[in-house]
There are 2 protein chains.
Amino acid sequence: MKQAKISEAVVRRLPVYLHVLNELQRSEIQTVSSQDLGQRLDLNPAQIRKDLAYFGEFGRKGIGYEVSYLIEKIRQILKLDQQLNVALIGAGNLGQALCNYNMYIKDNMKIVAVFDAHPAKIGSKINNMTVLDMEHLKPTVESLDIRIGIITVPAVEAQNVADKLVSSGIEGILNFAPAILKVPEQVRIHHADFTTELLSLAYYLENGADNNDDDKVVD
Amino acid sequence: MKQAKISEAVVRRLPVYLHVLNELQRSEIQTVSSQDLGQRLDLNPAQIRKDLAYFGEFGRKGIGYEVSYLIEKIRQILKLDQQLNVALIGAGNLGQALCNYNMYIKDNMKIVAVFDAHPAKIGSKINNMTVLDMEHLKPTVESLDIRIGIITVPAVEAQNVADKLVSSGIEGILNFAPAILKVPEQVRIHHADFTTELLSLAYYLENGADNNDDDKVVD
DNA sequence: TAGATTGTTAATCGATTAACAATC
DNA sequence: TAGATTGTTAATCGATTAACAATC
């Protein structure tokens, strides 16, 4: 059974499913239906079933999905069944905040090295890690088997850092800088640029005077 | 002049256009074609033209778009032509990092108040703002005309904070906590949850040995 | 003018939703 | 069994892309 090409939209929903499933497990709920998941996530049950079916048959007809089994499967799909080492570049407030998120451990993602270009930062400690000089990037990526890089430097430095990550052999980048980065095709880049979300949020604010309720939804 | 319903995908691209246009302006480029914009953003030129055409006729046939005019128009559409006041809840590392982003000023978005529930934080200074008790949320929102709230508290506290933001009269929320929040329909909520981006990034990493389409994943 | 480029309609592509046989 | 729910195909919906007349 070869996998059809799976769209990004599908892949992006998997972590969301995982998140709810983890909550269900914490509540000691054993089994869940696509119906129920759909309600909790505001998604169509058929979509959830279809998403999961791309990867295998994880449910049981008439019953639903076993929570722990589905968690296990989604974690496999997302490659979270192995530890994934991450490097973080940019030891500012944002970088420190990310380092402190211990959520990584649960998901087998771990920031194992922190880098910065500024002498003032180098040598300081974040979460028991010593901030390293950029010179150490490539050797560290190689010796610690780091596969993902997180960029938390200012926008002007972001492309430069991305280039260095690429040539150090990283496979994926999560970019927090509000900048459009060019990387070779084989390197996957995801954006965590909240400015887009914030500015587009403004669009939906009421305009004081004119409330256009021409698209009012009734259910 | 009542506009057709505009999809979220379109609205979400506007800040991206704005970003590139700002860069062009800094380079003192006066005029840009959809072709050119498309190249810079890896988007189809027809899509860019169509997106913009939802809001008006901003270009000139045979010429393209005047950069400064288009910036002005997009800022109007996104309601960034007026100052938008923002409250931030959660004065941890992430909250501090966001406060320090001075990008807001350029875009007329400004964090004008910071709140935290923990006595240790209250009264401390961030970016010249005193961190306030949550008790002050509603009166401050009203007196400073705050319309957007940013949530940077831990996941377990996020729903509680969201509720308080809603009842204080906020119109939009940007949520950084990895939690699914329930808010009334009239409040717009956007997610800046990078964990989704990070976990879905893992999916695209190479599987070491097998990256061919004819190998199925079996346990 | 001739070349370039918009705004917009039509065509295509892809993603979501509905429907239902299979089956627990 | 009868009710519930999956996996999957077919139908629908929406978004992207192509094409082109209008026109700067």
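Computed over heavy atoms, backbone and side chain alike; hydrogens, waters and symmetry mates excluded. Below, read A as the first sequence line, B as the second, and so on, with proteins coming before strands; counting in each chain starts at 1.
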K.L.:
With a 4.0 Å cut-off on heavy atoms, is Q47(B) in touch with a base, just the backbone sugar-phosphate, or nothing at all?
P.N.:
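If one applies the 4.0 Å heavy-atom cut-off, Q47(B) turns out to touch a base.
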K.L.:
Is it the case that over 12 heavy atoms from other parts of the model lie below 6.0 angstrom from the CD atom of E28(A)?
P.N.:
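Result for CD/E28(A): open.
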K.L.:
With the threshold set at under 4.0 Å for non-hydrogen atoms, list the residues of residues 9-18 of chain A touching DNA chain D in residue-number order.
P.N.:
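Nucleic-acid contacts, sorted: none.
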K.L.:
Using atom types as modelled and distance alone, determine if a side-chain donor or acceptor of K164(A) lies under 3.5 Å from a backbone N or O of M134(A).
P.N.:
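Pair absent, no side-chain N/O of K164(A) close to backbone of M134(A).
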K.L.:
Report the C-alpha distance between R188(A) and E8(A) in whole Å, list the side-chain angles of each, state the deciding distance to 0.1 Å, and finish with yes or no for salt bridge (charged side-chain N to carboxylate O under 4.0 Å, His left out).
P.N.:
CA-CA 12 Å; R188(A) 178 92 194 171; E8(A) 291 194 24; 3.3 Å; yes
K.L.:
Please report the shortest heavy-atom distance between P15(A) and T196(B), naming the atom on each side.
P.N.:
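In this case the closest contact between P15(A) and T196(B) is CG-O, 3.7 Å.
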K.L.:
Apply side-chain hydrogen bond (donor to acceptor under 3.5 Å, both in side chains) to residues Q159(A) and D163(A) and explain how you reach the verdict.
P.N.:
CA-CA 6 Å; Q159(A) 182 63 60; D163(A) 294 344; 2.8 Å; yes
K.L.:
Could you grab the distance from atom CG of L80(A) to atom CG of N108(A), nearest 0.5 Å is fine?
P.N.:
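These two atoms lie 7.0 Å from each other.
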K.L.:
Once rounded to the nearest 0.5 Å, what's the spacing between atom CD1 of I148(A) and atom CG of L88(A)?
P.N.:
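Answer rounded to 0.5 Å: 12.0 Å.
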K.L.:
Quick one: do the Q96(A) and N100(A) side chains pair a donor with an acceptor below 3.5 Å?
P.N.:
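Their side chains do not contain a donor-acceptor pair, so the 3.5 Å distance test is not met.
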K.L.:
Could you tell me from which nucleotide to which nucleotide of DNA chain D, 5' to 3', there is an atom under 4.0 Å from chain B heavy atoms?
P.N.:
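The contact span of chain B on DNA chain D goes from dA15(D) to dC24(D).
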K.L.:
Quick check for you: to the nearest 0.5 Å, what is the distance between R12(A) atom CZ and S7(A) atom OG?
P.N.:
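Going from the CZ atom of R12(A) to the OG atom of S7(A) covers 9.5 Å.
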K.L.:
Which sits closer to the 5' end of DNA chain C, Y65(B) or G62(A), going by the nucleotide each is nearest to?
P.N.:
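Mapping each residue to its closest nucleotide by heavy atoms, the 5'-most match is Y65(B).
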K.L.:
Hey, does R60(A) reach any base, or is it just sugar-phosphate, or nothing, if we go heavy atoms under 4.0 Å?
P.N.:
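Sugar-phosphate contact only - R60(A) comes under 4.0 Å of backbone atoms but never of a base.
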K.L.:
Show me the dot-bracket string of DNA chain C, counting Watson-Crick or G-U pairs under 3.5 Å, with | for pairs to another strand and [ ] for crossing ones.
P.N.:
..||||||||||||||||||||||
K.L.:
Is a side-chain donor or acceptor of N127(B) paired with a backbone partner of C99(B) at a separation under 3.5 angstrom?
P.N.:
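Yes.
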